[in-house]
Amino acid sequence: METPYTDHLTLEDYEQVYEPAEDSFLLLDALEKDLEYLEQLQPHLCLEMGSGSGVIITALAKKLASCSLCLATDINPKACDATRRTAARNGARLDSIRCNLTDALRRQSVDLLLFNPPYVVTSDEELHTQKFDSHSESSTERNLVFSWAGGQDGRRVTDILLKQLDDILSPRGVLYLLLLRENKPEDIITHLEGLKFRAVKFMERRIPGEHLYILKVTRSSSSSSTS
Ligand SMILES: C[S@@+](CC[C@H](N)C(=O)[O-])C[C@H]1O[C@@H](n2cnc3c(N)ncnc32)[C@H](O)[C@@H]1O
């Protein structure tokens, strides 16, 4: 998978939109590693939640758009705009919707779900600056807080996703979720098993100051291979 061009995005954009970093590239590398599986899956609907600059969903759309509808959501309107521009700059076909998590989508419709969540451990007070009101205009500062502040264990947004996962994923759906060691991936795996999902550490990478993981999650009844 080619890394999309981002030369259309400026420093001014990155004051309000998450700039692609090691975590973004690890998620891209995981998709590349699992491309054969994804091509066999032939996902009808691919969704990246919290697309930020749009590099990940754009790279995916370039590979899968002939058989898949690719969508992106973000709670930050500037990120939705950046995602659209990244898609246009790279000739990718996708749509970007401003909403909280996957609120704009139909139940159990997503075959391939990607999420690099706000994962940094912060106080919950920092999160209280966030309002999941998709009609309110966000301030510059709040837009960036949405990108990284994860509250207790860095899991506030991830835990909401996990609760909703059964409603989001299609019967054959798969989720690739980026986690930090501080997010307690083992706990998440056990929790998902209790919810009748199968979760495996699909990839991991140490970078200075962070140990990142990609969790691959499928329904435990799924007959698809997960490694
Ligand atoms: C760590 S950034 C990742 C951006 C991009 N996916 C990447 O990997 O470079 C997290 C993104 O999630 C978005 N986000 C945070 N909370 C969200 C929510 N409740 N619903 C939708 N998007 C959310 C943020 O605005 C931000 O763009």
Side-chain angles (χ1 to χ4, degrees), residues 1 3-6 9 13-32 46-61 70-87 90 94 96-105 110 112-122 124 126-151 154-165 168 175-180 182-183 203 205 207 210 212-215:
M1 276 165 68
T3 305
Y5 296 111
T6 52
L9 296 173
D13 289 314
Y14 292 136
E15 278 168 18
Q16 300 208 49
V17 175
Y18 188 80
E19 184 169 357
E22 291 286 350
D23 47 355
S24 324
F25 296 121
L26 180 62
L27 188 47
L28 263 181
D29 289 348
L31 296 175
E32 166 125 58
C46 305
L47 175 75
E48 182 181 8
M49 282 176 25
S51 59
S53 65
V55 285
I56 298 167
I57 191 68
T58 294
L60 192 75
C70 291
L71 295 179
T73 66
D74 206 295
I75 201 154
N76 172 358
K78 299 287 179 190
C80 296
D81 180 55
T83 295
R84 280 184 210 111
R85 287 159 51 213
T86 300
N90 290 277
L94 60 90
S96 169
I97 306 162
R98 185 188 179 198
C99 72
N100 180 28
L101 300 176
T102 65
D103 286 359
L105 274 92
V110 180
L112 170 54
L113 180 65
L114 313 173
F115 195 31
N116 175 8
Y119 58 66
V120 177
V121 178
T122 61
D124 281 339
E126 259 170 301
L127 271 188
H128 289 153
T129 61
Q130 298 195 27
K131 286 198 182 81
F132 297 138
D133 171 3
S134 58
H135 299 296
S136 74
E137 273 309 307
S138 302
S139 70
T140 302
E141 198 179 305
R142 190 175 298 158
N143 281 340
L144 264 192
V145 172
F146 284 139
S147 297
W148 54 268
R155 289 227 329 233
R156 289 297 190 208
V157 181
T158 300
D159 283 346
I160 298 171
L161 164 70
L162 298 181
K163 263 196 205 137
Q164 297 180 359
L165 195 58
I168 296 172
L175 160 69
Y176 296 83
L177 174 66
L178 188 131
L179 294 173
L180 198 62
E182 288 78 357
N183 304 147
M203 239 179 158
R205 186 169 293 163
I207 57 165
E210 287 186 343
L212 303 168
Y213 299 88
I214 301 291
L215 228 60

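Every number for a ligand or one of its atoms is a count from 1 in the order of the listing. The structure displayed is predicted, hence computed values, not measured ones.
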When you measure from atom 22 (N) of ligand 1 to each heavy atom in I75, I57, V17, which option holds the nearest one? I75

In this structure, CG of D74 is separated from CD1 of I97 (nearest 0.5 Å) by 11.5 Å

Mark yes or no for whether E32, through its side chain, and M1, through its backbone, hold a donor-acceptor pair below 3.5 Å. yes

Compare all side-chain heavy atoms of P20 with those of F25 and state whether any distance is below 4.5 angstrom. yes

Atom pair CG (L178) and CG (L212), whose distance is rounded to the nearest 0.5 Å: 5.5 Å

If you measure from each non-hydrogen atom of F146 to ligand 1, which part falls under 4.0 Å: side chain, backbone, both or neither? both

Does ligand 1 come near enough to Y18 that some N or O of the ligand is less than 3.5 Å from an N or O of the residue? no

Looking at S24, which atoms of ligand 1 are within less than 4.0 Å of one of its heavy atoms? 7 (C), 8 (O), 9 (O)

L113 CG to L177 CG distance, which is reported to the nearest 0.5 Å: 8.5 Å

Inter-residue atom distance L27.CG - F115.CZ, 0.5 Å rounding: 11.0 Å

So does G151 get a backbone contact from the side chain of T122, meaning a donor-acceptor N/O pair under 3.5 Å? yes

As an exercise, state the distance from CG of L28 to CG of N116, rounded to the nearest 0.5 Å. 10.0 Å

Need the ligand 1 atom indices (1-based, order shown) with element for anything under 4.0 Å from a heavy-atom of S51. 5 (C), 6 (N)

Short N or O distance, E19 and ligand 1, threshold 3.5 Å exclusive: no

With a 4.0 Å cut-off, would you call D81 and R85 a salt bridge? yes

Nearest option to atom 10 (C) of ligand 1, as decided by whichever heavy atom of D23, T102, N116, V55 sits closest: N116

I need the R205 CZ to E22 CD distance, nearest 0.5 Å. 6.5 Å

For the residue pair N183 and T158, establish whether any side-chain heavy-atom pair is separated by less than 4.5 Å. no

Heavy-atom pairs closer than 4.0 Å: do any link ligand 1 to the side chain of A21, the backbone, both, or neither? neither

Please could you name the atoms of ligand 1 that I56 approaches to less than 4.0 Å, counting only its heavy atoms? 7 (C), 8 (O)

At a 4.0 Å threshold, what atoms of ligand 1 neighbour a non-hydrogen atom of P117? 1 (C)

Proximal ligand 1 atoms for N76, defined as those under 4.0 Å from one of its heavy atoms: 25 (O)

T86 and T58: side chain donor to acceptor below 3.5 Å: no

For E48, is the nearest heavy atom under 4.0 Å from an atom of ligand 1? yes

Can you find a non-hydrogen atom of L27 under 4.0 Å from ligand 1? no

Looking only at distances, please establish whether an N/O atom of ligand 1 is found under 3.5 Å from an N/O atom of F115. no

Give the atom numbers and elements of ligand 1 that come within less than 4.0 Å of a heavy atom of G52. 4 (C), 27 (O)

Identify, by atom number and element, the atoms of ligand 1 in contact range of G50, meaning under 4.0 Å from any of its heavy atoms. 3 (C), 4 (C), 5 (C), 6 (N), 11 (C), 12 (O), 13 (C), 22 (N)

For ligand 1, the portion of C99 having any non-hydrogen atom under 4.0 Å away: backbone

Under 4.0 angstrom from ligand 1, any heavy atom of S53? no

Numbered atoms of ligand 1 (with element) below 4.0 Å of N100, judged on heavy atoms: 18 (C), 19 (N), 20 (N)

